[in-house]
There are 2 protein chains.
Amino acid sequence: MTSRQFSVTVDLAVLTVADDTLKVLVVRRGVPPFRGRWALPGGFVLAREDLMDAARRELVEETGVPLRSVHLEQLGSYGSPGRDPRGRVVTVAHLALLPDLPEPVAGSDAAGAEWRPVEDLLSATRRLAFDHGTILADAVERARSKLEYAPLAAAFCPPEFTIAELRRVYEVVWGTELDPRNFHRKVTGTPGFVEPTGESTRRGGGRPARLYRAGDATLLHPAMLRAPHPVR
Amino acid sequence: MTSRQFSVTVDLAVLTVADDTLKVLVVRRGVPPFRGRWALPGGFVLAREDLMDAARRELVEETGVPLRSVHLEQLGSYGSPGRDPRGRVVTVAHLALLPDLPEPVAGSDAAGAEWRPVEDLLSATRRLAFDHGTILADAVERARSKLEYAPLAAAFCPPEFTIAELRRVYEVVWGTELDPRNFHRKVTGTPGFVEPTGESTRRGGGRPARLYRAGDATLLHPAMLRAPHPVR
DNA sequence: GGCATTACTGTCAATATGACGACAAAGGAG
DNA sequence: CTCCTTTGTCGTCATATTGACAGTAATGCC
């Protein structure tokens with residue numbers, strides 16, 4: 001039982017909804033292994049750094065977004081012996097949700113970073129480096145299921161948003177259509193989901209919509225259930 | 001950025017329901033640090049071992065149970081710089097659920113292992129070693145919430161069980177009482193939750209109860225919701 | 001047989017959901 | 001300004017699910 005030493009990294013699945021599409025932030029690898037392939041942003045955990053701090057640091061380095069407006073949670077760890085040809089590396093993957101930021105990705109390391117549709121990257125062809133395809137798939141599944149029981153969709157929206165904008169998030173992430181009227185009833189009727197600001201906006205084409213901000217609930221009750229899966 | 005090397009361990013929160021109590025398997029530490037304190041079982045990940053394999057190996061070493069009858073899933077990783085005074089150790093915690101085994105904990109390493117009520121170990125006094133109190137709290141919360149939407153309660157039961165036994169699991173884990181009639185309706189009415197075996201038993205005092213085994217569903221729909229939290 | 005005990009079935013009201021009609025409030029075309 | 005299009009919001013109704021609880025069934029024990 002010699003080599004008990006591992007490298008530990010954090011990787012980030014940073015998701016956003018833009019152009020009615022679920023997108024993920026990826027970077028082009030400039031060095032082997034997997035040179036030229038897309039990968040999730042990430043890096044080594046520093047000697048005296050907590051895992052979540054490392055994830056926050058990487059997130060800021062890669063996106064330049066203020067942490068205030070980001071949802072960040074640990075997703076899970078991936079440590080197959082063969083996942084990195086250079087040696088034994090365990091990565092602690094994190095899931096980050098961002099609003100569609102007007103400013104394009106800025107920041108030092110973010111030179112090669114790019115928003116890409118999740119769908120493209122999960123296809124059999126456009127494979128991500130390492131096991132990042134698996135991580136991304138797990139991240140998307142986590143986001144999808146967590147929208148059901150947590151008021152998480154607001155993390156994809158600016159601080160103030162309309163019910164319709166919130167609905168678009170659900171529709172894009174779940175890949176389904178939702179009835180605007182029932183959705184409105186559900187969202188405004190679930191305690192702590194959203195709070196009206198009193199303001200309204202006319203961002204869209206028709207009648208101005210009232211603005212809301214995220215409520216203080218951490219759990220939705222009752223949950224906002226997706227239609228039962230195809231079966232099973 | 002010198003020392004990028006970490007030790008990586010797996011720790012196990014092994015839960016079971018026995019004597020109408022939620023219990024966890026703990027070992028008494030024989031060496032510093034935290035000598036004499038209770039800790040979750042766990043150990044180092046071997047050089048060529050996957051994380052889940054390491055967890056399975058530790059589980060068998062500590063409990064001697066056949067893996068067949070165990071639910072095992074990754075819980076999350078804990079890596080605060082100060083969590084282990086001996087150096088930088090990241091642990092990948094796992095959650096295991098077992099039926100109440102007739103045979104007491106057997107196996108090589110299991111000498112000092114013991115089932116203890118979760119409640120006792122989460123109290124401010126009887127502190128666990130390292131950050132294992134936090135891990136245990138997270139594990140219990142995961143188990144509680146997962147009972148809602150996954151047919152996981154069966155993992156606490158023997159291969160064949162009665163509806164009442166399944167209900168006891170929910171009641172003990174959630175710390176609530178459930179209406180037997182509504183519970184019965186819900187469980188038998190949710191597709192894939194349980195399958196009748198045709199047999200019946202008279203384990204209890206009164207009328208014999210039909211036996212069921214776990215169904216093939218992986219997700220309950222609709223979910224079995226707990227009463228809304230105290231409030232929000 | 002009578003009683004205690006546990007298992008199971010059925011009913012009814014309250015609540016939540018899906019489907020969809022209808023009206024409100026803006027902008028734009030003419 | 002009026003009509004029309006586009007969105008937002010409220011209301012209604014049938015159906016599904018849940019909570020509360022009455023009532024019947026099948027044992028063991030005395």
Side-chain angles (χ1 to χ4, degrees), chain A residues 20 147-149 151 153 157 160-172 174 176-213 217 219-229 231, chain B residues 20 147-149 157 160-171 174 176-212 217 219-229 231:
Chain A
D20 285 352
L147 281 193
E148 292 192 304
Y149 58 89
C157 297
E160 303 199 339
F161 50 86
T162 68
I163 302 290
E165 287 164 356
L166 196 67
R167 178 166 47 84
R168 289 309 295 155
V169 169
Y170 275 91
E171 293 181 332
V172 167
W174 283 353
T176 59
E177 297 231 320
L178 297 173
D179 183 285
R181 297 157 292 191
N182 292 338
F183 183 85
H184 190 280
R185 176 181 60 188
K186 176 73 179 173
V187 168
T188 55
T190 301
F193 198 164
V194 296
E195 308 284 352
T197 66
E199 309 284 301
S200 59
T201 182
R202 94 213 69 174
R203 264 173 231 165
R207 166 177 171 178
R210 290 183 220 161
L211 285 172
Y212 295 81
R213 70 177 128 261
L219 229 47
L220 301 183
H221 188 88
M224 167 109 76
L225 294 175
R226 296 181 260 190
H229 286 226
V231 127
Chain B
D20 284 353
L147 282 192
E148 292 192 305
Y149 57 89
C157 297
E160 303 199 339
F161 50 86
T162 68
I163 301 290
E165 286 165 356
L166 195 67
R167 178 166 47 83
R168 289 310 293 155
V169 170
Y170 275 90
E171 293 181 331
W174 283 353
T176 59
E177 295 233 319
L178 297 173
D179 184 288
R181 297 157 293 189
N182 292 339
F183 183 85
H184 191 281
R185 176 180 62 190
K186 176 71 178 172
V187 169
T188 54
T190 301
F193 197 165
V194 296
E195 309 283 353
T197 66
E199 308 285 303
S200 59
T201 180
R202 96 213 66 173
R203 265 174 231 165
R207 169 177 169 178
R210 289 183 221 162
L211 285 171
Y212 294 80
L219 230 48
L220 300 183
H221 191 90
M224 169 110 83
L225 294 176
R226 293 181 264 189
H229 286 223
V231 127

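Every chain is numbered from 1 and lettered A, B, ... according to where its sequence line falls, protein lines coming before strand lines. On a predicted model such as this, the values are computed, not experimentally measured, just so you know.
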- Message: My understanding is that only residues two or more places apart in sequence, or in another chain, count here; which of them pass salt bridge (charged side-chain N to carboxylate O under 4.0 Å, His left out) with A:Arg168?
- Response: A:Asp20, A:Glu171
- Message: Can you build the contact string for nucleotides 11-20 of chain D? Use B for base contact, S for sugar-phosphate-only contact, and - for no protein heavy atom under 4.0 Å.
- Response: BB-----BBB
- Query: Quick one: CZ on A:Arg210 to OG1 on A:Thr162, what's the gap to the nearest 0.5 Å?
  - Reply: 12.0 Å
- Item | Spacing of A:Leu166 atom CG and A:His184 atom NE2 [to the nearest 0.5 Å] | 10.5 Å
- Message: Does any part of the side chain of B:Arg167, heavy atoms only, come nearer than 4.5 Å to the side chain of B:Val187, both counted from C-beta?
- Response: no
- Using a strict 4.0 Å threshold on nitrogen-to-oxygen distance, state whether A:Arg213 and A:Glu195 make a salt bridge. no
- Minimal heavy-atom distance between A:Leu219 and A:Pro151, with the atoms involved, is N-CD, 4.1 Å
- Task: Could I get the full list of side-chain contact (heavy atoms from CB on, under 4.5 Å) partners for A:Glu199, not counting sequence neighbours?
- Result: A:Thr197, A:Leu211
- Rounded off to whole Å, could you give me the CD1-to-C1' distance for the A:Ile163 and D:dC10 pair? 13 Å
- Of all nucleotides in DNA chain C with an atom under 4.0 Å from a non-hydrogen atom of chain B, which is the first and which the last going 5' to 3'? C:dT5 to C:dT11
- Query: If we only count heavy atoms from C-beta on, is the A:Pro222 to A:Lys186 side-chain gap below 4.5 Å?
  - Reply: yes
- Starting at the 5' end of DNA chain D, which residue's closest nucleotide do you reach first, A:Glu165 or B:Gly205? A:Glu165
- Message: Please report the distance, rounded to the nearest Å, between CZ in A:Arg167 and P in D:dT9.
- Response: 10 Å
- B:Tyr149 side, atom OH; A:Leu225 side, atom CG - distance, nearest 0.5 Å: 12.5 Å
Can you pull every protein N or O that's under 3.5 Å from an N or O on nucleotides 24-26 of chain D?
{"unit_1": "D:dA25", "atom_1": "O4'", "unit_2": "B:Arg207", "atom_2": "NH1", "d": "3.4"}
{"unit_1": "D:dA25", "atom_1": "N3", "unit_2": "B:Arg207", "atom_2": "NH1", "d": "3.2"}

- Task: Quickly work out the A:Phe183 CZ to D:dT7 C1' distance and round it to whole Å.
- Result: 15 Å
- A:Leu166 CG - D:dG8 C1' separation (whole Å): 14 Å
- Distance-only, no hydrogens or angles: does the B:Tyr170 side chain make a donor-acceptor pair with backbone N or O of B:Leu147 under 3.5 Å? yes
- Message: Just to verify, what does B:Arg185 make a side-chain hydrogen bond (donor to acceptor under 3.5 Å, both in side chains) with, not counting sequence neighbours?
- Response: B:Asn182
